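What you are looking at is a predicted structure, and each value in this text was computed from that prediction instead of being measured. Worth knowing before you read on, the calculation uses all heavy atoms, side chains too, and leaves out hydrogens, waters and symmetry mates.
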Amino acid sequence: TSAHGLMYFDAKADSFLVCPLPRIQYNITQLAFDDSNRLWLLNSHGDLQVFSGNHEGFKQLMAFQGKEGVTHFFHLNGHLLFATADNVLFETDPVTLKYKRVLQMDNGLTAMILYQNHYMMAWANKGYSVFDLNFQPSGFLMAEARQVQNIRLTSLAKGSEQILWLGTDGNGMIKIYPRTKSFETVSTAENGNPYNKPVRAFCQENGNLWVGTKGNGIIRIKDFWLK
């Protein structure tokens with residue numbers, strides 16, 4: 001929160017408590033825990049910090065505060081990857097936390113996932129590209145990429161049975177089936193109303209799909225994975 005910074009829910013107290021982090025000057029825009037239970041925080045100034053500890057106290061282990069700030073980070077394939085405002089992608093070593101430059105991108109990055117041993121990257125302008133595990137361009141899903149090259153993607157997710165989900169800015173959601181199957185657009189919400197709002201994020205819970213939109217609140221699609 002703007003008043004208290006990062007907070008956590010204490011089940012015994014049945015309330016949110018202030019997380020004892022070192023003083024953070026800017027608002028937190030993204031956070032995640034890695035496989036070693038380290039806390040990664042990205043703030044609105046573009047500073048990326050990593051902490052170790054628990055609800056009783058945290059210690060900063062590393063901070064990236066370069067001239068060009070960090071815009072996004074992604075925990076994929078056992079590594080923490082982060083993109084900077086000058087469109088450079090870095091990869092951190094999970095043990096030493098040292099980072100190295102792995103890719104100079106042509107555009108800003110909005111989303112990134114690991115799918116069938118390939119990195120899929122959605123661009124801030126439109127479309128996506130695919131790279132192998134060494135960050136070399138790949139022809140994997142090339143035909144599918146051509147079909148969405150004029151669509152701005154805001155989020156990527158992998159569902160059951162290797163189905164790939166693409167959230168778009170104004171074109172609803174796109175579903176890509178593995179191999180022989182093609183695209184399918186989710187065009188209506190649970191209440192049957194047209195679903196054409198910009199997608200900001202989505203997640204699953206007990207078989208339901210929750211979709212965060214711009215201008216239409218949060219939409220729930222019931223028993224989505226059974227359809």
Can you give me the closest heavy-atom contact between [X] and [Y], atom names plus distance?
| X | Y | answer |
| --- | --- | --- |
| Cys19 | Phe58 | SG-CE1, 3.3 Å |
| Gln49 | Ala63 | CG-CB, 4.0 Å |
| Ile113 | Lys158 | CD1-N, 4.4 Å |
| Ser155 | Ala111 | CA-CB, 3.8 Å |
| Glu144 | Ile176 | CG-CG2, 4.0 Å |
| Lys175 | Ile163 | CG-CG2, 3.3 Å |

[X] side chain to [Y] backbone, donor-acceptor under 3.5 Å:
| X | Y | answer |
| --- | --- | --- |
| Gln104 | Asn87 | yes |
| His118 | Ser138 | no |
| Arg152 | Asn171 | no |
| Asn77 | His79 | no |
| Ser44 | Tyr26 | no |

Side-chain donor-acceptor contact under 3.5 Å, His45 with Asp47 = yes
query = Between Asp86 and Thr84, do the side chains contain an N or O donor and an N or O acceptor separated by less than 3.5 Å?
reply = yes
Do [X] and [Y] belong to the same hydrophobic cluster, where Ile, Leu, Val, Met, Phe, Trp and Tyr are linked whenever their side-chain heavy atoms lie under 4.5 Å apart, directly or via other members?
| X | Y | answer |
| --- | --- | --- |
| Val70 | Val50 | yes |
| Met120 | Phe131 | no |
| Tyr115 | Leu133 | no |
| Leu109 | Val130 | no |
| Tyr119 | Leu141 | no |

ask   = Which residues satisfy the ring-ring contact (aromatic ring centres under 6.0 Å, His included) test with Tyr8, sequence neighbours excluded?
value = His55
inquiry  = I want to check something: taking the side chain as every heavy atom from C-beta on, are Arg38 and Leu61 in contact at a cut-off of under 4.5 Å?
reply    = yes
request  = Side-chain contact test, heavy atoms from C-beta onward, threshold under 4.5 Å: evaluate it for Tyr128 versus Met121 and give yes or no.
outcome  = no
query = Out of Trp40, Tyr99, Phe73, which residue meets the ring-ring contact (aromatic ring centres under 6.0 Å, His included) rule with Phe82?
reply = Tyr99
note = CG (Asn43) and OG1 (Thr29) are apart, to the nearest 0.5 Å, by 6.5 Å
query = With sequence neighbours excluded, what pairs up with Phe16 under the side chain to side chain contact (heavy atoms under 4.5 Å, CB included) test?
reply = Met7, Phe9
task = Determine, step by step, whether Leu89 and Met112 satisfy the side chain to side chain contact (heavy atoms under 4.5 Å, CB included) criterion, reporting the C-alpha distance in whole Å, the side-chain angles of both residues, the deciding distance to 0.1 Å, and the verdict.
result = CA-CA 11 Å; Leu89 185 67; Met112 180 178 178; 4.0 Å; yes
